[in-house]
Every structure is written in C-alpha cells, then in structure tokens.
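What follows is one structure encoded as structure tokens, with my remarks underneath.
Residue numbers count from 1 along this sequence.
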Amino acid sequence: MAQQIEKSIVIESPATTVWNILTDPHLSKEWIQEWWPEFMSLESNWMTGEPVVWKVHDGLVAAKGTVTHVEPFKKLEFSFRVSDPSFVEINENITYRLESTKNLTRLFVVVGEFGDSPDQVESYADALESWNRSLPKIKELAERHLH
C-alpha cells in the first residue's frame, strides 16, 4: 500500500523568507545537512522543466530531479531521484506549499508515494525522519532571518 509523507509547520515569518530558506543554495544546505551530513549544494533556477541537482563532497551528483510546478512564494513541486546505483532506486515527487497570513506562514510538505516497490516501502521511515529533522530547522532559519 502506497504511503505519502505529509507534514506541516507554522513559521513566524513571511512566505518570501520561507521560500528563500527552501530554495537558496546556501540556506538549504543548513537544513538538509540536518539529515544528510555529506550534502554540499542544491542547484536549480527553480523554473518549470529545469533540473534540480543535489551535490555532495567533491561535487559529485548524489541526486537529480526536475522542477514540475512553480508558483513563487506559494507552491513548488519537483522530482527527486538518487544517483548512486548502490542506493535504493527511488523516484519521488516533493511538494512545498506555503499559506501565509500577515507574518505567519504554514509550510506543507508532501513526499511520496512510498509503495511502488519494496525498496520504496523500506525507505519511508528514513524519509519521514529526515522531514522530522528538517522542518524545525527550516522554522529556526526562517525566524532567525526575519530579524
């Protein structure tokens, strides 16, 4: 049975700041390294149809994807596929949705489907843990950059 990760967090910061934490290469490094210590950079121009590339030490490409939908400061969707052949063969879709009122933003993250293969089912727990660690760090960074 397919599963999705669906998480959200309220951040005391405008959507523009949260968006920058998610997409800026220097800022994204800070929260992605919470669960992926080897991670070095996230590269994309965040335009529909354009690539998304995750690099680790020595500039090696660790994962690739494609931006599938962009509504600046509101919604971002892209695919994610690990490049290492020794790793589980998974192609996932990730969606960030931001709902903002005044200086509060609720960030929704949807990742999935986990269930297309036994490897995907097995990777669900690790993916869930990565978002349990990432969301508080995204909140911390966004609220710190506001001041």
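- Listed by chain and number, the residues in a salt bridge (charged side-chain N to carboxylate O under 4.0 Å, His left out) with E71 amount to none (sequence neighbours excluded).
- I5 is connected to L76 through a chain of hydrophobic side-chain contacts under 4.5 Å among Ile, Leu, Val, Met, Phe, Trp and Tyr, so both are in one cluster.
- Taking the side chain to side chain contact (heavy atoms under 4.5 Å, CB included) definition, one finds that S79 meets it with T66, N91, N93, sequence neighbours left out.
- Rounding to the nearest 0.5 Å gives a distance of 10.0 Å between CD1 of I138 and CD of E34.
- For the residue pair W36 and A62, the shortest heavy atom distance occurs at CZ2-CB, 3.4 Å.
- Remark: K139 pairs with I9, I11, E143 by the side chain to side chain contact (heavy atoms under 4.5 Å, CB included) rule, at least two apart or across chains.
- Nearest approach of P51 to S44, heavy atoms of both residues: O-OG, 2.9 Å.
- In this structure, the separation between OG1 on T68 and CZ on F78 is 9.0 Å, given to the nearest 0.5 Å.
- A distance-only check finds no donor-acceptor pair linking the side chain of S8 to the backbone of L107 [under 3.5 Å].
- Taken together through direct or relayed side-chain contacts under 4.5 Å among Ile, Leu, Val, Met, Phe, Trp and Tyr, L98 and V110 form parts of separate hydrophobic clusters.
- Grouping the Ile, Leu, Val, Met, Phe, Trp and Tyr side chains by contacts below 4.5 angstrom, directly or via other members, places F80 apart from F108.
- Membership of the apolar cluster around L104 extends to V10, as traced through chained side-chain contacts below 4.5 Å between ILVMFWY residues.
- W35 meets the ring-ring contact (aromatic ring centres under 6.0 Å, His included) test with no other residue; sequence neighbours excluded.
- Under the side chain to side chain donor-acceptor pair (under 3.5 Å) criterion, K7 pairs with N132, not counting sequence neighbours.
- W131 and W31 have tilted rings, their planes meeting at an angle from 30° to 60° on a 0 to 90° scale.
- Partners of K75 according to the salt bridge (charged side-chain N to carboxylate O under 4.0 Å, His left out) rule, which considers only residues two or more places apart in sequence or in another chain, are E77.
- Taking the side chain to side chain donor-acceptor pair (under 3.5 Å) definition, one finds that R133 meets it with nothing, sequence neighbours left out.
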May I have the list of side-chain donor-acceptor pairs in residues 18-30 shorter than 3.5 Å, sequence neighbours left out?
{"residue": "N20", "atom": "ND2", "partner": "T16", "partner atom": "O", "Å": "3.2"}
{"residue": "T23", "atom": "OG1", "partner": "W19", "partner atom": "O", "Å": "2.9"}
{"residue": "D24", "atom": "OD1", "partner": "H26", "partner atom": "N", "Å": "2.9"}
{"residue": "D24", "atom": "OD1", "partner": "L27", "partner atom": "N", "Å": "3.0"}
{"residue": "S28", "atom": "OG", "partner": "D24", "partner atom": "O", "Å": "3.0"}
{"residue": "S28", "atom": "OG", "partner": "P25", "partner atom": "O", "Å": "3.3"}

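- Applying the side chain to side chain donor-acceptor pair (under 3.5 Å) rule to Q33 yields no partners; only residues at least two apart in sequence or on another chain are considered.
- With sequence neighbours left out, E50 forms a side chain to side chain donor-acceptor pair (under 3.5 Å) with no residue at all.
- Not a single salt bridge (charged side-chain N to carboxylate O under 4.0 Å, His left out) links E6 to another residue, sequence neighbours left out.
- Closest of all the heavy-atom pairs between A142 and T17 is O-CG2, 3.6 Å.
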Yes or no on side-chain contact (heavy atoms from CB on, under 4.5 Å) for M40 and H57, after CA distance, side-chain angles and deciding distance?
CA-CA 6 Å; M40 292 305 293; H57 299 291; 3.3 Å; yes
